[in-house]
Amino acid sequence: MMTIAAARLIWPGCVCFVGIGVPSAAANLARLTHAPDMVLIYESGGIGTQPRVLPLSIGDGELAETATAVVSLPEIFSYWLQAGRIDLGFLGAAQIDRFGNLNTTVIGGYAKPKTRLPGAGGAPEIALHAKQIFVVLKQSPRSFVAKLDFCTSAGFLNGHGERARRAIAGAGPQVVITDLGVFKPAADSQELTLVARYENVSVDKIRQATGWPLAIADNIDVVATPTADELRVLRDLHKRTEIAHAGDVLRSRKTPRPLTSQVNA
Amino acid sequence: MMTIAAARLIWPGCVCFVGIGVPSAAANLARLTHAPDMVLIYESGGIGTQPRVLPLSIGDGELAETATAVVSLPEIFSYWLQAGRIDLGFLGAAQIDRFGNLNTTVIGGYAKPKTRLPGAGGAPEIALHAKQIFVVLKQSPRSFVAKLDFCTSAGFLNGHGERARRAIAGAGPQVVITDLGVFKPAADSQELTLVARYENVSVDKIRQATGWPLAIADNIDVVATPTADELRVLRDLHKRTEIAHAGDVLRSRKTPRPLTSQVNA
Amino acid sequence: MQLGSLQEIIDQYIHDGQSVALEGFTHLIPFAAGHEILRQKKRDLHLIRMTPDLIYDQLIGVGCARALTFSWGGNPGVGSLHRLRDAVENDWPRPLEIHEHSHAGMAAAYTAGAARLSFGLLRGYVGTDLPGVNPQVREVRCPYTDEKIATVPAINPDVTVLHAQAADRQGNILIRGIVGAQKEAALAARTLIVTVEEIVESLDAPMNAIVLPHWVVTAIAEVPTGAYPSYALGYYARDNAFYLAWDEIARDRERFTEWIDRHVFSSRDHAEFLDSLAEAA
Amino acid sequence: MQLGSLQEIIDQYIHDGQSVALEGFTHLIPFAAGHEILRQKKRDLHLIRMTPDLIYDQLIGVGCARALTFSWGGNPGVGSLHRLRDAVENDWPRPLEIHEHSHAGMAAAYTAGAARLSFGLLRGYVGTDLPGVNPQVREVRCPYTDEKIATVPAINPDVTVLHAQAADRQGNILIRGIVGAQKEAALAARTLIVTVEEIVESLDAPMNAIVLPHWVVTAIAEVPTGAYPSYALGYYARDNAFYLAWDEIARDRERFTEWIDRHVFSSRDHAEFLDSLAEAA
């Protein structure tokens, strides 16, 4: 449902910087439904990729084979991301605070963490340079926290215009999508505000899953249930993906291919 | 004769950054005679080119088609030249001074020059980063000058170790080859010193063609006359080049090739 | 991405006073686009290019340019650009402000421009008089080694014009062969115009080829032989004879002016220009 | 360029205490080379890599590494690298010093290394806590705009190890597909070791392909399927099932140790390693 909610917010023609997981599924769902001309960029170097199946890793061969261009990683981050060519960046996180700052580095102290997370990856600069950011994560008091253990990627920092004052190029997180609801930054303070909930999820439940006193919009929308078309496309995509990823690579290597040199070295 | 004298000084396996004209002819002569495994790099982006004919420009198609790799110009100058991967750079000049500094920018004042020359091109950084430099130019009191009108590329600056003190990576001009003789820097002062002359060219003539009191080595070699093999290879190279460059491009365009779109736009 | 005639596109996107880079390092030089700029009598352009070639000699000789940023201004393999020289030496037909770099410096400046950094770094310009005449060449200290490293300000042309082998129907552009700093100049620009040899159904680009995606391209015109007398790898060779002949044509102001009148101003487009040259030959 | 067995080459060129980058961004990951480093029980390595993958999880879990420079340390598409976590969280089997970057920062550091600049520039790290824990992230002021721009020191590994599709007889290397920062890591290194799927008569590389010329390559070993369980475009696919299975294997110290003993230490080379996995399946 997060996937479908996120997909709906993607617009035709959008140049989208995609990570693996929900963002990749959402972007591809959008591409296969209402935004066929959107441009997918994976940080591994694929520009304009059109994967038929969902990649498991950010650098699957599928992404190279279906891309308009495959460039180096330094180029992706300098000529494409930093240059401001990305309309929309998706980010996930282990923790988010009320101003949309994100932690993907550690739970606990940095030097001797309780949980060492994978770390920054592309996120800090995606957060700065993409014209806007959508954040997708599961919501609980452990993920929606009053204070991050570590700030990996800037949202609105301390809010109240600090991001703009620091002359950060991109507009920051414009939508946060969780498994409970949808949040947008308030115009003045940039504090995340609940603007929509899923059916059968109460505002109270969302409030309880938030580690700070949650701001609530005057009118809370209800996210429309998935359409038959959305569900079909998503199911097909996952099915194709499953089949594609189920191949037995190790055994297929056993089929004859020349393992010896073509040269008598 | 300058070409042959220069070619002889190139060693097998040498990675050589080549410009057009005498340097290109010399490098290719060396490659086709005693240094078949030398690596030619043209600043236009061809790495390991093996042209069958001499290019007229530094970016002829021949250079791309016979190269191991064709890279961008920013890459040539950063990852290859600046990174110190070039053993030998060839430079020409309109003016040279006694310390091997070169002028290819202007004769006269910079703002309103008597003669505006093409300018720096790759030379300033070739002069800094190639492990050593060979300079090739015609010699006269107008080219061998006491004081440059403009310093485009550093040789030994004011000599006496200044280049080393400024921590410049490459060793600077190790040989200067003219149509009259061959010069090398003195060990202590780095002042250019006549070390060889061509047959039938007197030391006096060389002295008169030099705009400063010329240092002369104790023993002046005589450059050996071209061998039959050198002359044959060079003539063949020039002949192939003439034939290749004589094609009438404008008329050949008249032969049928589709000038209209393949798409009904 | 807009597909149109070269005439429309130059009219729509290139305006007097702009900074314009027609890049191409002795390959894929956008001659047809340069001639159209001449025909439309654009003025006060700040021309940018590593190697101002014959096409810049023509633009400067006609008086389209007020300034030139460059790193090597010659007729490659032949000698001088006489119109450039006449402008610098004698202010003819008008004075030309010059911003002079080395290739390495200008490559770093385009690279910074493409990455939207305000400056580029290089180990360069040491011991030369160039920083003395180009105050834009400066230095920073390395925060780790305290060494001085040269800097150049980013180059971000108002318009970059390229010539390429092919575009597909979507407007993706394939560039093959010697590519100079074309990709950097393209991505550094605010507006990107590309002329192509042909528009094809599919680029069939090899993996890791140099492809500019359609959404960074402002406008495309199909102009066969659009790089002549330069060349387009896979299409036609460089007309070396023309480069040699240009030395004579450009040496003399009158002969130059006649040539421009007869071949550029009297032709309506690139095909007519090529015909007029063929007739004269 | 030297052609030899992987065993000889790792023995000859990789020494205890060195900084070693086995690069590969989810493609062409040099697993075979990593396993040989394990077999030869190298110690005190400073491992460098943007995305420490399963192979670094193994090297760290066995205790080969004293330090890690990286920008994202997970099992891509799956979750954590449990051995990396155990080292950071519990110092098991030994403490691991970490130097942490973002991808953009590390890409800039490799790029600077390849160009032999002492530092790289990026608009990055703004508003994050990373510079607080990595004092190597600093800043300079732009000499033109006075803005603060982040800097990273160049990365120049003692040894870079890559896996590539093919080498020709001369030792020129062709890399196709997703290339990450492999070229930069290769050119930044003092010693470059490459394993290849095969050695061929001629690379038949398309124009503008990514080819590393033989004279920048220190040594080459032909190791078919040398990137398994990662993939080599044009040769074999990624074994996603292995990446999923690794999560279970690596979660437990004993199970991990058993797996390494059984599959890596008990096999003499990569072919035997692959056979031992196939038998176990």
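Quick caveat: nothing in here was measured; it's all calculated off a predicted structure. Letters go in sequence order (proteins before strands), and every chain restarts at 1. Heavy atoms only: backbone and side chains are in, while hydrogens, waters and symmetry mates are out.
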When heavy-atom pairs shorter than 4.5 Å are enumerated against chain A, which of D:H27, D:R123, D:H101, D:K183 gives the highest number?
D:R123
Considering residues, nucleotides and ligands other than D:K148, do more than 12 of their heavy atoms fall under 6.0 Å from its NZ?
no
At a heavy-atom separation under 4.5 Å, does D:L122 approach chain A through its side chain, its backbone, both, or neither?
both
Portion of D:Y125 that has a non-hydrogen atom of chain A nearer than 4.5 angstrom:
both
Please identify, among D:A104, D:G74, D:P52, the residue contributing the most non-hydrogen atom pairs under 4.5 Å to chain A.
D:A104
Counting heavy-atom pairs under 4.5 Å with chain D, the top scorer among A:Q82, A:E75, A:K114 is A:Q82
Less than 4.5 Å apart, side chain to side chain, heavy atoms only: is that true for D:V179 and A:V70?
no
Under a 4.5 Å cutoff for heavy-atom pairs, which residue among D:G73, D:A232, D:G120, D:A107 has the most contacts with chain A?
D:G73
Between OG1 on residue D:T26 and OH on residue A:Y42, distance to nearest 0.5 Å
12.0 Å
Backbone N/O of D:N90 and side chain of A:K112: donor-acceptor pair under 3.5 Å:
no
Contact part of D:Y110 toward chain A, heavy-atom cut-off under 4.5 Å: side chain, backbone, both or neither?
neither
With a 4.5 angstrom heavy-atom cut-off, could you sort out which part of D:E184 is near chain A: side chain, backbone, both or neither?
side chain
I'd like to check D:T111 versus A:F77 (side-chain heavy atoms, cut-off strictly below 4.5 Å). Are they in contact?
no
CA sep, side-chain torsions, deciding dist, call: D:L233, A:E65, side chain to side chain contact (heavy atoms under 4.5 Å, CB included):
CA-CA 9 Å; D:L233 191 81; A:E65 282 159 7; 3.1 Å; yes
Roughly how far, to the nearest 0.5 Å, is the OG1 atom of A:T115 from the CD atom of D:E89?
5.5 Å
Contact listing (chain D partner; residues 149-173 of chain A; heavy atom under 4.5 Å):
A:F150, A:C151, A:T152, A:S153, A:A154, A:L157, A:R166, A:I168
Less than 4.5 Å to any heavy atom of chain A: does that hold for the side chain of D:M50, its backbone, both, or neither?
side chain
Of the listed residues (D:N75, D:D91, D:L244, D:V196), which shares the most heavy-atom pairs with chain A below a 4.5 Å separation?
D:D91
Sort by residue number and list every member of residues 117-131 of chain A having a non-hydrogen atom under 4.5 Å from chain D.
A:P118, A:G119, A:A120, A:G121, A:G122, A:P124, A:E125, A:L128, A:H129
Measuring heavy-atom distances to chain D, does A:V71 have an atom under 4.5 Å in its side chain, in its backbone, in both, or in neither?
backbone
Might you confirm whether atom CZ of D:R141 has over 12 heavy atoms from other residues, nucleotides or ligands at distances under 6.0 Å?
yes
If I take atom CD1 from residue A:I76 and atom CD1 from residue D:I178, how far apart are they, to the nearest 0.5 angstrom?
10.0 Å
Any salt bridge linking A:R116 with D:D86? Criterion: basic side-chain nitrogen under 4.0 Å from a carboxylate oxygen.
no
Region of D:A181 that comes under 4.5 Å of a non-hydrogen atom in chain A:
both
Do you know which of A:P113, A:A111, A:P74, A:A64 has the most heavy-atom pairs with chain D at a distance under 4.5 angstrom?
A:P74
Drop me the distance from A:L73's CG to D:E23's CD, to the nearest 0.5 angstrom.
8.5 Å
